[in-house]
Structure formats: C-alpha cells, structure tokens
A.B. asks: 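Could you have a look at this structure, given as structure tokens, before my questions?
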Amino acid sequence: MKTNPGQLPQLLQKGLAPVYLVSGDEPLLVQECCDQIRKAARDAGFHDRLTFHADQQLDWNTVADEFSAMSLFSERRRIEIRLPAGKLGNGRQVMERVLAQPSDDIIVLLISARLDAAETRRKWYKELQGKGVHIPVWPIDADKFPGWLQQRARNQGLSLTRGALTMLAERLEGNLLAASQELDRLALLSNGKTIDEEVIEQAVQDSSRFNGFELVTELLSGRAPHAGKIIGVLQQEGENPLGLLTVLSRDLNLLLELKTGASRNENPAAFLKKRGVFQPQRARALEQAARRLNPGQLHEAVTLCSQVDRAAKGFDELSPWHYLRDMSVLLAAR
C-alpha cells in the first residue's frame with residue numbers, strides 16, 4: 001500500500017509491515033519517517049540492525065545471505081538498505097524473494113531518493129504494494145513552506161509573530177533541514193517568550209551565507225580553485241559534510257530535471273519558480289550550470305554524492321572531502 005508521512009504514525013500503531021519503502025528528496029522528512037519506523041520496530045523487539053548502501057560496490061549476494069541466515073539467539077532484526085539512485089538495480093530479485101515469503105523475524109527498510117519511475121512498473125514494487133508500505137515524501141511547495149514552518153514551530157512550543165515568521169521563511173528559502181536546526185536554536189533562546197523580528201535578526205543566520213551553501217554555489221559554478229579552498233577550511237573546522245551534501249544533491253537533481261525540461265522547450269525561469277527557487281542569485285547560478293554541464297557530468301556528480309555520503313558515515317577508507325575535491329574537478333570541466 002501507499003501512504004503519506006502524516007498517516008504513518010496511525011498506520012504503525014495498527015502493526016508492522018514486513019517491508020517499508022521511504023522515498024523522496026527531502027532528507028529531513030525522509031529521516032523523520034525512517035525514525036518513526038525504527039522506533040516502532042524497536043518497540044516490537046526488532047533490536048538488531050544491519051545497514052547496506054546500494055551503490056555499485058554492493059554485493060547483493062551478501063544481502064541475500066543475511067535474509068537467509070538465522071539470527072543469532074533468534075534475535076529479530078532490522079535490515080536497512082539505502083538506494084541513492086532511486087532504483088534497486090541488481091537487488092530486484094533479492095527483494096522479490098523477500099516479498100514472496102516475508103520473514104516474521106526481519107523488518108526491511110528501504111531508504112531511497114525519489115523513486116525512479118521505471119521501478120514502479122517492476123515486479124518487486126508491485127509486490128511491495130501488496131505486502132509492504134511505500135511512503136513517498138514530496139517537497140514542501142514554496143507557498144506552503146511558511147505554514148509548514150509555523151506548524152513546526154508550534155509543535156516545539158514556539159510562538160512567532162507574523163513578521164518573524166515571514167522573515168524566517170525568506171531566509172531559509174524552503175530548506176527544511178536548516179529550518180529544523182534554526183527552530184531548535186530559537187527554542188533555546190526564546191525562554192518561552194514570543195519571537196519577533198528582532199530576535200530573528202539577532203539569532204538566525206542567513207542560510208545563503210553558510211560556508212556549506214557557498215561551497216555548493218562554487219561547485220555548481222565550476223570554480224574549482226575557490227571550491228578547493230572552502231573544502232580545506234571546512235575540513236579543518238571539523239564541519240559535517242552531510243549538511244551541504246543535502247543541498248548539493250538537491251541542486252544536482254534539480255539540474256537534471258531542468259535539462260529534461262529544456263529538451264521540451266520549458267522556460268527555465270518558470271520551471272525554477274515552480275520548484276520554489278525564488279532567489280535571483282540562486283536561480284541564475286542554476287540556469288548557468290544547466291547550460292554548462294551535460295547530463296553525463298550531472299549523473300556522475302550524483303554518484304559522487306553517494307560516495308561522499310558513504311565516506312561521511314564511515315563506510316569508505318577515503319575522506320568525504322576527498323570526493324568533494326573530485327566533485328569540484330568534475331563540475332569544472334567544460
């Protein structure tokens with residue numbers, strides 16, 4: 001079956017499915033859905049956890065062996081598989097076997113980028129619709145972002161004036177991850193008082209000025225030397241690259257969509273506004289990058305994002321900053 005993030009808590013209360021698929025390009029909302037599933041699974045006794053990253057290096061025979069093996073001391077297990085490209089690839093047959101005979105001792109959590117349209121026509125996905133749950137996560141529309149932000153603030157016990165909400169929404173520019181971080185900071189600073197424009201002005205950094213955002217701009221602009229300097233500074237400061245990776249992955253996928261739209265003679269400015277890109281500087285940078293980079297470069301860059309993600313989580317011998325330097329060279333090529 002398919003459900004939306006808002007219905008997930010009620011669905012989990014009714015019982016657990018053998019397989020969950022959470023897909024989308026909003027990392028914060030994807031993460032929160034996954035956390036809800038993990039908690040429900042732990043509460044039900046699924047304490048042991050295995051994680052796989054479905055990139056080109058993954059041996060699906062190893063994954064299949066884990067599904068076939070008996071758990072030590074009959075422990076119930078959670079097996080999580082990340083699908084950075086939005087497709088199962090060589091893992092389709094494995095998932096078809098899992099869905100044909102689900103185990104009572106295993107909960108499977110597939111965490112995917114926006115699901116590839118071709119995957120929804122494949123046998124494994126059709127079987128998942130019958131025996132599992134798919135939670136597609138869609139971006140928050142630009143006109144709905146202030147409302148989402150206000151509801152999020154209320155859930156954290158925060159009260160914002162209309163002016164403060166408008167200022168916060170403008171500065172965050174639809175970045176949900178940055179919004180979550182800023183609301184956490186405001187919760188510490190407000191001491192239960194209503195937050196007005198002055199508090200926002202003093203406490204909230206303009207997301208466009210974050211070094212990570214500056215790096216993404218330099219990477220997409222092909223300015224490899226300056227990007228390399230920023231990478232060096234961020235690495236020395238101990239910055240977590242996953243935050244900027246979220247923004248970079250989002251913009252690379254946006255560029256791929258922009259290239260597809262251009263082939264259909266779709267107006268780039270109208271397309272970007274439809275996707276919530278209102279800041280002229282960012283829109284201009286994306287349009288220029290779309291003209292300069294070809295689809296092959298963009299797909300290779302998306303693959304590099306997966307390697308950065310693996311390295312940042314300790315699944316690679318090389319540093320994530322090593323792959324970001326490779327990214328700067330790739331995106332600087334003409």
A.B. asks: Tell me whether E26 is salt-bridged to R250, with the criterion being a basic N under 4.0 Å from an acidic carboxylate O.
C.D. replies: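 Salt bridge flag = no for R250 with E26.
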
A.B. asks: For Q151 and N155, what are the C-alpha separation, side-chain angles and deciding distance, and is it a side-chain hydrogen bond (donor to acceptor under 3.5 Å, both in side chains)?
C.D. replies: CA-CA 6 Å; Q151 185 59 52; N155 292 343; 3.0 Å; yes

A.B. asks: Mind running side-chain contact (heavy atoms from CB on, under 4.5 Å) on L256 and V302 for me, showing each step along the way?
C.D. replies: CA-CA 10 Å; L256 283 168; V302 170; 4.2 Å; yes

A.B. asks: Is there a side-chain contact between I106 and F46 (heavy atoms, below 4.5 Å)?
C.D. replies: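 No, every pair of side-chain atoms sits at 4.5 Å or beyond.
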
A.B. asks: Would a 4.5 Å heavy-atom cut-off, applied to side chains only, mark R78 and R42 as touching?
C.D. replies: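 Yes. Closest side-chain heavy atoms under 4.5 Å.
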
A.B. asks: May I have the step-by-step check of side-chain contact (heavy atoms from CB on, under 4.5 Å) for L168 and L183, ending in yes or no?
C.D. replies: CA-CA 10 Å; L168 191 61; L183 289 175; 4.0 Å; yes

A.B. asks: Do other residues, nucleotides or ligands put more than 12 heavy atoms under 6.0 Å from N4 CG?
C.D. replies: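 Result for CG/N4: enclosed.
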
A.B. asks: Can we say R122 and E96 salt-bridge, meaning some charged N sits less than 4.0 Å from an Asp/Glu carboxylate O?
C.D. replies: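 The answer is no: the pair does not qualify as a salt bridge.
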
A.B. asks: Check side chain to side chain donor-acceptor pair (under 3.5 Å) between R223 and all other residues, then give those that pass, not counting sequence neighbours.
C.D. replies: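 Residues passing side chain to side chain donor-acceptor pair (under 3.5 Å) with R223: E218, S221.
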
A.B. asks: Evaluate E32 against R152 for salt bridge (Lys or Arg N to Asp or Glu O under 4.0 Å), listing each step before the verdict.
C.D. replies: CA-CA 13 Å; E32 290 180 345; R152 186 97 180 181; 2.3 Å; yes

A.B. asks: Tell me which pairs pass ring-ring contact (aromatic ring centres under 6.0 Å, His included) where either residue lies in residues 294-332, with sequence neighbours left out.
C.D. replies: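 Not a single pair qualifies under ring-ring contact (aromatic ring centres under 6.0 Å, His included).
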
A.B. asks: Excluding sequence neighbours, so at least two apart, what forms side chain to side chain donor-acceptor pair (under 3.5 Å) with T166?
C.D. replies: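 Expected list: none.
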
A.B. asks: Does the side chain of V19 come within less than 4.5 Å of K131's, by heavy atoms?
C.D. replies: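 In short, these two side chains do not touch, never coming nearer than 4.5 Å.
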
A.B. asks: Between C34 and L109, is the side-chain contact (heavy atoms from CB on, under 4.5 Å) condition met? List the steps.
C.D. replies: CA-CA 8 Å; C34 290; L109 175 56; 4.1 Å; yes

A.B. asks: Holding to salt bridge (Lys or Arg N to Asp or Glu O under 4.0 Å), I want the full list of residues that pass it with D251, two or more places apart in sequence or in another chain.
C.D. replies: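 Partners of D251 by the salt bridge (Lys or Arg N to Asp or Glu O under 4.0 Å) criterion, ordered by chain and then number, come out as R282.
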
A.B. asks: Can you establish whether the number of heavy atoms outside K123 located under 6.0 Å from its atom NZ is more than 12?
C.D. replies: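 Check fails, neighbour count at 12 or below.
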
A.B. asks: Do V22 and S112 come close enough that some side-chain heavy atom pair is under 4.5 Å?
C.D. replies: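 No, too far: nothing below the 4.5 Å cut-off.
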
A.B. asks: Ignoring hydrogens and geometry beyond distance, is a side-chain donor-acceptor pair present between Q307 and D326 at under 3.5 Å?
C.D. replies: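 Checked: Q307/D326 side chains show no N/O donor-acceptor pair below 3.5 Å.
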
A.B. asks: Tell me, please, which residues at least two apart from R97 pass salt bridge (Lys or Arg N to Asp or Glu O under 4.0 Å).
C.D. replies: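 Salt bridge (Lys or Arg N to Asp or Glu O under 4.0 Å) check on R97 returns nothing, list empty.
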
A.B. asks: What pairs meet the ring-ring contact (aromatic ring centres under 6.0 Å, His included) rule with one or both residues in residues 86-127, with sequence neighbours excluded?
C.D. replies: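 Sorted pair list: Y125-H134.
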
A.B. asks: Can you tell if the side chain of W148 reaches within under 4.5 Å of the side chain of L29, non-hydrogen atoms only?
C.D. replies: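 W148 vs L29: side chains touch.
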
A.B. asks: Among side-chain atoms of R162 and Q150, is any donor-acceptor pair under 3.5 angstrom?
C.D. replies: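 No, because no side-chain N or O of R162 sits under 3.5 Å from a partner of the opposite role on Q150.
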
A.B. asks: Is any side-chain heavy atom of E119 closer than 4.5 Å to one of R92?
C.D. replies: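 Side chain of R92 against side chain of E119, heavy atoms only: contact under 4.5 Å found.
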
A.B. asks: Taking the side chain as every heavy atom from C-beta outward, state whether C305 and L248 have any atom pair closer than 4.5 Å.
C.D. replies: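 Yes. Closest side-chain heavy atoms under 4.5 Å.
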
A.B. asks: Does CD in Q156 sit with more than 12 non-hydrogen atoms of other residues, nucleotides or ligands closer than 6.0 Å?
C.D. replies: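 Above 12, so yes.
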
A.B. asks: Determine the minimum heavy-atom distance between A17 and V133, stating which atoms define it.
C.D. replies: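 Heavy atoms only, the tightest pair is CB-CG2, 3.8 Å.
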
A.B. asks: After noting the C-alpha distance and the side-chain angles of Y20 and L110, does the key distance pass the side-chain contact (heavy atoms from CB on, under 4.5 Å) rule?
C.D. replies: CA-CA 6 Å; Y20 290 89; L110 303 173; over 6 Å; no

A.B. asks: Is there a continuous path of hydrophobic side-chain contacts, each under 4.5 Å between heavy atoms, that joins L50 to L21?
C.D. replies: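 Yes, because L50 and L21 connect within a single hydrophobic cluster, where side-chain heavy atoms sit under 4.5 Å apart.
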
A.B. asks: Does I231 reach the side chain of V233, with side-chain heavy atoms less than 4.5 Å apart?
C.D. replies: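 I231 vs V233: side chains apart.
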
A.B. asks: Can you hop from L318 to L330 via hydrophobic side chains spaced under 4.5 Å?
C.D. replies: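 Yes, it is one cluster - the side chains of L318 and L330 are joined through contacts under 4.5 Å.
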
A.B. asks: With clusters defined by side-chain heavy atoms of hydrophobic residues (ILVMFWY) lying less than 4.5 Å apart, directly or transitively, does W138 cluster with M1?
C.D. replies: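 No, because M1 and W138 fall into different hydrophobic clusters, even though each may have its own neighbours under 4.5 Å.
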
A.B. asks: Could you tell me if D35 and Q31 have a donor-acceptor pair between their side chains, going purely by distance under 3.5 Å?
C.D. replies: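 There is such a pair (donor and acceptor under 3.5 Å, judged by atom type) between the side chains of Q31 and D35.
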
